[in-house]
Amino acid sequence: MEKSSTSKSSKPAPKEESLFTIKKWNAVALWSWDVTCDTCAICKLLLVDACMKCQNEIKTEDCVVVWGECNHSFHRCCIASWLNKSNRCPLCQREWIVQRIGR
Amino acid sequence: MPTGLLLSADDSSNDDFERSWQQIEHTLLALLNQQPISKREWQDLFALTFRLSMWYESSNQIIVDNFNSVINRFVLDKKEVLAAQSDKLVFLQEYVQIWETYYRLCDYIPQLFKRLEVASTNKSGSAALSVSKRNKCQAFRDTMLEKWKDGLLNYHIQRLLDNVMELIIEEKRNHIYNGQLITNIKDALVHLHCSKDKDKLDTYQQFERAYMKNILEYYKLQSSMALDEMSMSDYIRYVDAKLREEEDNCRRYLEFSSMKVVLESIENHLINSRKSILLQECFKMIKNGNTADLIIIFKLLDRVNGCIDNVLEALSSHILESGMSTLLTDAEVIIWDSEKYVDKFIGLYEKFSELLKGGFNDDARFLSCRDQAFKKIINDRTIFSINIPTKIKGMGKLEPESRCPELLAGYCDLLLRKTNVNKKLTSGEIERRLKDALLLLKYVQNKDVFMRYYKVHLMKRLLLDITADQEMEENMIEWLRNIEMPVEFINKLAKMFHDIHISHDVNNLFKEARSKEASDTINAKILSAAAWSRGSENTNVSLPSELAEYIKEIEGFYHQKYTTRKLQWHHLYSSGTITFATNYGKYDLEVTTFQMSVLFAWNLRPSDEISLDSLRIATGLNESELRKTLFSLTNNSKMKYQILLVNPSVQSFREYTHQSIFRINRDFNIVKSGKIQKRGKVTLIGRLQLAPEKGNEEENKEIASLRMLRTQEAIIKIMKMRKRLRFGQLQTELVNVLKNMFFPQKAVVKDQLEKLIEENYIKRDEQDLNTFIYLA
């Protein structure tokens with residue numbers, strides 16, 4: 001009895017009821033730094049991870065990425081110690097000006 | 001004037017000396033024979049001896065001789081008295097009585113001759129310096145004791161000992177106690193030793209020897225009788241009781257110094273000579289779990305050197321044997337059912353622990369023996385194994401390992417996930433079971449496999465929101481930390497928790513900002529790539545158009561908030577619920593995003609038949625991923641009716657061909673207790689969809705390559721510290737460093753060493769090829 005009624009109702013009205021409708025969707029995305037190169041040219045580690053020093057001291061939270069005006073990016077700790085020696089980007093030798101800091 | 005006095009005394013000197021001595025002698029004998037003497041008489045003795053020794057030339061020697069003969073006579077007299085005594089008991093009593101008086105006098109009588117001794121030392125001049133006065137004072141006492149020994153005791157000693165021993169044995173046999181008498185005799189023999197030969201207690205030693213001999217003879221007879229008459233369990237109780245009794249006896253009847261020797265010889269006789277029978281019995285008891293008897297036999301065997309080693313061996317082989325047999329008989333079930341697996345092992349563990357507690361008093365030696373045996377069982381690979389290649393490139397050897405860690409991780413997942421299993425349990429019970437699993441984990445050799453699986457399970461629980469109890473999850477992390485799992489691993493897990501919380505907040509912000517409709521449908525988890533799996537390649541999929549819209553929305557929102565981040569969608573991790581309208585009703589399907597993408601291909605053309613190639617274009621999935629997704633829809637083993645129908649039907653996802661035609665099963669329905677339901681919910685999300693299904697082989701290769709890196713890392717760490725090391729030492733240190741993760745096999749270590757040598761981190765010593773040197 002039920003069978004006939006449902007089959008009848010669904011067939012003539014395909015418009016109001018499509019075959020599948022979405023009820024819920026759990027999307028998953030991974031974020032990473034918006035960088036052109038994945039690794040830090042100073043410490044050779046992935047920018048996603050903390051730099052070597054911070055990994056050793058287990059304070060990975062604070063180790064973020066810094067972009068220069070030249071759009072090159074490094075770990076903040078790595079470039080900070082580099083800047084003690086020279087005020088230029090280690091990759092392109094242009095003057096280092098911070099463009100943005102990762103957060 | 002003084003000379004005159006001396007001369008005049010000289011006339012009657014001999015007479016006077018005789019008379020005086022007789023008086024001394026008389027009083028002495030009275031003393032010895034315990035006749036009453038007055039105070040006056042005693043005091044006179046001092047005066048007399050002093051006078052004689054002072055005023056008569058060379059009187060000292062005479063006094064000594066006379067004294068000796070008095071003592072001699074007395075002793076011989078007593079000897080006769082004792083010899084005349086026929087009754088054994090009275091003989092002993094009398095001996096003790098006479099001795100005790102005599103011994104007391106040995107302290108007093110020598111006092112009389114103190115002066116005499118001083119005089120004699122003065123005369124001998126230089127000799128006085130070498131022999132102290134105090135020692136000299138003992139000379140008379142020594143003579144008295146010696147006379148007693150030579151004159152009396154040596155004659156009677158055999159009889160004395162025989163009689164005492166008889167008493168001792170009688171005490172055991174007929175419970176006639178003469179404890180005091182025995183002790184007195186013993187004391188008599190010990191005290192007899194005069195200062196000169198204090199070190200060699202020869203009479204006492206005679207006593208000790210006789211004691212030992214008699215006791216042993218007694219037990220030789222008794223124990224073999226007991227062994228014949230009694231059951232083994234009674235016999236060990238008998239031995240135990242006897243040994244304790246003998247300990248008491250020794251304490252009473254022997255000097256402390258000889259206790260150990262005598263007890264040892266008794267133990268030697270009662271236990272060591274019957275070692276093989278006892279051991280055999282002990283093995284039987286271990287097998288039967290007879291703890292009541294075991295504890296006694298354990299105490300017995302523990303008294304004798306070397307026996308315990310045999311027991312340990314037996315115990316370890318018993319644990320192994322019964323553990324393996326349990327495993328093998330239930331192999332079929334255990335291999336697949338992690339719950340049963342853990343139950344079985346915990347059952348075994350508890351059984352053995354009980355045995356150790358009841359039977360061996362939780363003796364440390366036995367505990368460590370259990371641990372070792374257990375380690376062997378758990379890491380055994382006869383019934384199930386996974387293959388971890390030892391080399392990656394080329395056809396590496398395959399080293400099978402126990403699948404135990406994988407099962408344990410599965411078991412933890414079962415308890416922490418929302419499942420039927422965990423619904424029925426209280427949190428206390430879950431906690432107990434988790435602890436059980438951790439207990440077994442401690443014995444697992446390759447913990448890295450466990451970590452890997454645990455992490456995958458945890459990811460799934462967090463991503464799909466199917467964690468049963470958040471608090472329990474976090475506790476579990478702490479417990480894992482407590483059993484010394486590697487810190488990096490634990491930190492990573494903790495980071496995942498942290499990250500999930502953050503993403504939750506972001507999701508809420510997004511919901512507030514968006515329209516109601518969107519926020520009801522969409523949940524976004526935006527996670528840090530650092531904390532979650534990385535390196536796993538992302539699989540592309542084209543989404544249903546509705547979803548693509550949502551994605552844009554989320555991205556827009558997110559980039560506004562975080563300008564320095566970029567997002568990468570991992571549809572492999574995502575899932576959803578869709579409503580499926582069929583001829584019978586509407587059903588909610590829980591599906592992965594891949595499944596969703598495949599099914600939505602039909603949304604615009606519900607009745608079409610679609611080929612594999614068209615589907616690939618429609619979904620954008622790569623072929624292998626598509627095949628697997630299709631297979632979960634056409635051949636889902638859990639469902640009566642499949643959602644997709646395929647023609648021709650297949651048994652494996654590899655069998656789809658380009659001729660395969662797929663269509664929607666519009667007659668799909670859910671049957672519950674024989675009735676077709678109009679509504680219902682089905683989940684199609686398989687067990688593990690997190691990593692793109694690589695197959696176990698690849699999974700294991702990954703484990704293997706991780707191990708190689710860890711091995712290299714550890715080698716460098718060790719070599720940096722030691723600078724120079726032989727291979728054997730290096731291997732031991734490696735095992736130590738890596739024990740929380742896995743057991744480094746020699747082949748792997750050698751391989752990695754070669755690699756490091758190639759890269760000039762390490763070199764071989766030129767003289768000794770087995771020694772390695774660290775190159776900075």
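The chains referred to below are lettered A, B, ... by the order of the sequence lines, with proteins before strands, and numbering in each begins at 1. Bear in mind the structure is a predicted one, so any value in this text is a computation, not a measurement.
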(message) If I measure from the heavy atoms of chain B, does A:Leu47 come under 4.5 Å with its side chain, its backbone, both, or neither?
(response) neither
(message) Between A:Lys23 and B:Asp588, is there a side-chain heavy-atom distance shorter than 4.5 Å?
(response) yes
(request) Taking all heavy atoms of A:Arg100 and all of B:Thr563, pick out the closest pair and write down the distance. (result) NH1-O, 3.2 Å
(request) Check whether any side-chain N or O of B:Arg565 sits under 3.5 Å from a backbone N or O of A:Gly102 as a donor-acceptor pair, and report yes or no. (result) no
(request) Report yes or no: does A:Asp34 contribute a side-chain atom to a donor-acceptor pair with the main-chain N or O of B:Thr564 at less than 3.5 Å? (result) no
(request) Report yes if the side chains of A:Leu19 and B:Arg666 come closer than 4.5 Å at any heavy-atom pair, otherwise no. (result) yes
(request) Quick one: pull up OG1 in A:Thr21 and CG in B:Asn603 and give me the separation to the nearest 0.5 Å. (result) 8.0 Å
(message) Below 4.5 Å, heavy-atom pairs only: which of B:Glu555, B:Lys525, B:Glu546 has the largest tally toward chain A?
(response) B:Lys525
(request) Could you please spell out the steps behind the side-chain hydrogen bond (donor to acceptor under 3.5 Å, both in side chains) verdict for B:Thr593 and A:Trp25? (result) CA-CA 8 Å; B:Thr593 301; A:Trp25 191 47; 3.1 Å; yes
(message) Is B:Asp465 close to chain A through its backbone or its side chain, or both, or neither, when contacts mean heavy atoms under 4.5 Å?
(response) neither
(message) Could you tell me if the side chain of B:Leu464 sits less than 4.5 Å from the side chain of A:Asn26, heavy atoms only?
(response) no
(message) Is B:Ile551 in contact with chain A via its backbone, its side chain, both, or neither, using a 4.5 Å heavy-atom distance?
(response) side chain
(request) Check B:Trp569 against A:Val28 and note the closest heavy-atom contact, atom names and distance. (result) CE3-O, 3.5 Å
(message) Within this structure, what is the CZ-CG distance for the pair A:Phe20 and B:Leu599, rounded to the nearest 0.5 Å?
(response) 4.0 Å
